[in-house]
Amino acid sequence: MVRVRVLMLVNGGLDGDLGRRLLAEQGVKVEALRFRTGFDRGPDGPDATTVDVAEAYLRDVVAAPRHGRGGAMSPCVDCRIFMLRRADAAARARGIEAVATGDVVGQHAHGQHRLAMQRIEREAGVEGRWLRPLSARLLPPTVFELSGGIDRERLGAIHGKARREQRRLAVRFGLDPRRASARGC
């Protein structure tokens with residue numbers, strides 16, 4: 001089996017913690033990374049590396065969004081592309097090939113529907129290397145699942161806004177099931 005290391009983007013919410021735990025229980029080495037944008041909410045977490053990206057975020061996402069203007073405005077798409085590009089660069093600098101997030105397919109209208117996720121993955125340059133452990137079985141397999149480094153069947157198939165499955169996983173992992181996702185850029 002191929003040994004996989006993952007850089008997990010976290011934002012202080014439950015979904016990122018659950019994704020980390022799903023990967024860690026397979027023996028995947030998970031390192032946590034938190035970007036400070038100036039708009040974020042929620043705690044950093046005790047074991048996350050925090051990087052201030054506020055200046056670049058204001059310049060690249062807030063002032064000049066590619067997908068965030070006009071009738072089809074979607075700042076979530078610009079935000080995720082920005083975050084994944086940065087995370088990918090940080091991962092590669094550490095010798096890590098995979099980037100993961102706590103994204104759940106269909107949980108939020110703008111950046112977490114399938115077409116948006118495909119666009120984000122392509123434009124961020126992380127095709128086949130972006131793990132979403134909570135919804136992995138609903139998405140095309142990553143190179144790490146195809147190589148056997150991550151067991152796809154042990155990952156989630158969560159979809160939509162209901163948080164029933166996240167609460168169930170939280171109880172399983174000994175986390176507070178009432179904790180919400182820490183939505184925010």
Side-chain angles (χ1 to χ4, degrees), residues 1-36 40-51 53 80 83-108 111-112 117 120-121 124 126-160 162-184:
M1 183 191 310
V2 177
R3 186 82 170 137
V4 179
R5 288 177 55 209
V6 173
L7 185 67
M8 180 91 184
L9 280 174
V10 297
N11 64 0
L14 181 61
D15 294 351
D17 282 349
L18 294 173
R20 288 168 67 183
R21 302 229 181 180
L22 283 173
L23 292 169
E25 76 177 0
Q26 292 191 41
V28 174
K29 178 153 175 40
V30 182
E31 295 181 28
L33 177 65
R34 167 81 183 257
F35 290 129
R36 282 264 170 224
D40 39 4
R41 305 179 296 215
D44 286 342
D47 59 346
T49 300
T50 302
V51 177
V53 296
R80 281 186 169 68
M83 296 290 182
L84 284 168
R85 281 182 182 158
R86 294 260 171 168
D88 187 43
R92 288 177 183 271
R94 297 175 184 189
I96 300 171
E97 294 181 351
V99 178
T101 62
D103 285 285
V104 171
V105 173
Q107 187 170 41
H108 301 295
Q112 290 181 323
M117 286 183 162
I120 292 163
E121 186 173 24
V126 293
E127 292 162 299
R129 297 180 299 111
W130 178 20
L131 293 163
R132 286 138 301 178
L134 298 178
S135 293
R137 293 191 333 243
L138 301 174
L139 298 164
T142 64
V143 297
F144 311 103
E145 293 163 87
L146 293 171
S147 71
I150 293 176
D151 183 354
R152 180 176 178 83
E153 293 308 310
R154 292 175 62 190
L155 299 177
I158 302 173
H159 180 275
R163 299 192 53 80
R164 205 171 14 256
E165 188 63 21
Q166 285 97 318
R167 286 191 295 273
R168 188 189 68 71
L169 282 173
V171 168
R172 179 175 137 205
F173 290 127
L175 301 172
D176 181 357
R178 297 166 299 184
R179 200 167 123 214
S181 63
R183 190 148 178 244

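FYI, the numbering just counts along the sequence from 1.
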Can you tell me how far CG of L7 sits from CG of L84, rounded to the nearest 0.5 angstrom? 10.0 Å
Check this for me: does any side-chain nitrogen of one of R21 and D17 sit under 4.0 Å from a carboxylate oxygen of the other? no
Residue pair P141 / R152: nearest heavy atoms and the distance that separates them: CA-NH1, 3.3 Å
E121 to G128 - nearest heavy-atom pair and separation: OE2-N, 2.9 Å
Quick check: do L22 and R172 have side-chain heavy atoms less than 4.5 Å from each other? yes
Using a 4.5 Å cut-off on heavy atoms from C-beta on, say whether the side chain of L23 contacts that of V4. no
Looking at R132, Q166, E165, which one forms a side chain to side chain contact (heavy atoms under 4.5 Å, CB included) with V104? Q166
Indicate the atoms forming the closest heavy-atom contact of A90 with L33, along with that distance. CB-CD2, 4.0 Å
Give me the atom names and distance for the closest heavy-atom approach of M117 to L139. SD-CD2, 4.3 Å
Can you measure from CD (Q26) to CD (E153) and round to the nearest 0.5 angstrom? 10.5 Å
Indicate the atoms forming the closest heavy-atom contact of A100 with P133, along with that distance. CB-CD, 4.4 Å
From R5 CZ over to I96 CD1, what is the distance, rounded to the nearest 0.5 angstrom? 4.0 Å
Using a 3.5 Å distance criterion without hydrogens, assess whether the side chain of E145 forms a donor-acceptor pair with backbone atoms of T142. yes
Nearest 0.5 Å, please: how far is CD1 in I120 from OG1 in T101? 9.0 Å
Could you check F144 against V6 for side chain to side chain contact (heavy atoms under 4.5 Å, CB included), going step by step and ending with a plain yes or no? CA-CA 10 Å; F144 311 103; V6 173; over 6 Å; no
Min side-chain heavy-atom separation D88-W130 under 4.5 Å: no
Give, for atom CG of L9 and atom CZ of R34, the distance between the pair rounded to the nearest 0.5 Å. 10.5 Å
Residue pair I158 / D15, side-chain heavy-atom distance below 4.5 Å: no
Are side-chain heavy atoms of R20 and D47 found at a separation under 4.5 Å? yes
Greater than 12 external heavy atoms within 6.0 Å of E31's CD: yes
Does the side chain of L14 come within less than 4.5 Å of R163's, by heavy atoms? yes
Are any side-chain N or O atoms of R129 and backbone N or O atoms of V143, one a donor and one an acceptor, separated by less than 3.5 Å? no
Residues A87 and V99: closest non-hydrogen pair is CB-CG1, 3.8 Å
Given L134 and L169, is the side chain to side chain contact (heavy atoms under 4.5 Å, CB included) satisfied, shown in steps? CA-CA 10 Å; L134 298 178; L169 282 173; 4.0 Å; yes
